[in-house]
Amino acid sequence: MRFVNVGYGNLVSCERIVSVAQPDSAPIKRMVLEAKESGRAIDLCCGKKCKSVLVCDTDHIIICSITPETLFQRMEKNDNEIEDED
């Protein structure tokens, strides 16, 4: 199982992430609000500004303060490390 660091010592399983989105659009804001109301939102911002929203296959929404570009680079780095091991 591979994990990606989403900041402040928090890790998320790469296999569970379906999408990484910026929180600016109205549909994403609506999705986050609905997830918060139903208890499916996990806020990993630690009081910082939300910069990305991760949608998981478990129907959970993860809110974090790392940009989508940085998350992508970290996930890509994990993939390269695994290929080097093989």
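When reading the values below, keep in mind they use all heavy atoms of this one structure, side chains included, and skip hydrogens, waters and symmetry mates.
- Residues Ile42 and Leu44 form a side-chain contact, since some pair of their non-hydrogen atoms from C-beta on lies under 4.5 Å apart.
- Minimum interatomic distance between Phe3 and Ser13 (heavy atoms only, all atoms of both residues): CD2-N, 3.6 Å.
- Looking at heavy atoms from C-beta onward, Val6 lies in side-chain contact with Leu71 at the 4.5 angstrom threshold.
- Here the closest heavy-atom approach between residue Lys51 and residue Ser65 is recorded as CD-O, 3.4 Å.
- Taking the side chain as every heavy atom from C-beta outward, Leu54 and Ile61 never approach each other to under 4.5 Å.
- Nearest heavy atoms, Val4 versus Arg74: CG2-CB, 3.7 Å.
- For the side-chain contact (heavy atoms from CB on, under 4.5 Å) with Leu33, the lone residue among Met31, Arg30, Glu37 that qualifies is Glu37.
- Under the 4.5 Å side-chain heavy-atom criterion for ILVMFWY residues, a single connected hydrophobic cluster contains both Leu11 and Met1.
- For the atom pair Gln22 CD and Cys50 SG, the distance stands at 10.0 Å (nearest 0.5 Å).
- The backbone N or O of Cys56 lies less than 3.5 Å from no partner atom in the side chain of Arg16, so there is not a single donor-acceptor pair.
- The closest donor-acceptor contact from the side chain of Ser52 to the backbone of Ile66 lies under 3.5 Å.
- Cys45 and Asp43 make their closest contact through N-OD1, 3.0 Å (heavy atoms, listed as atom of the first residue, atom of the second, distance).
- Within the 4.5 Å cutoff, the side chain of Val32 has no heavy atoms near those of the Lys29 side chain.
- Counting heavy atoms from C-beta on, the side chains of Val55 and Ile17 never come closer than 4.5 Å.
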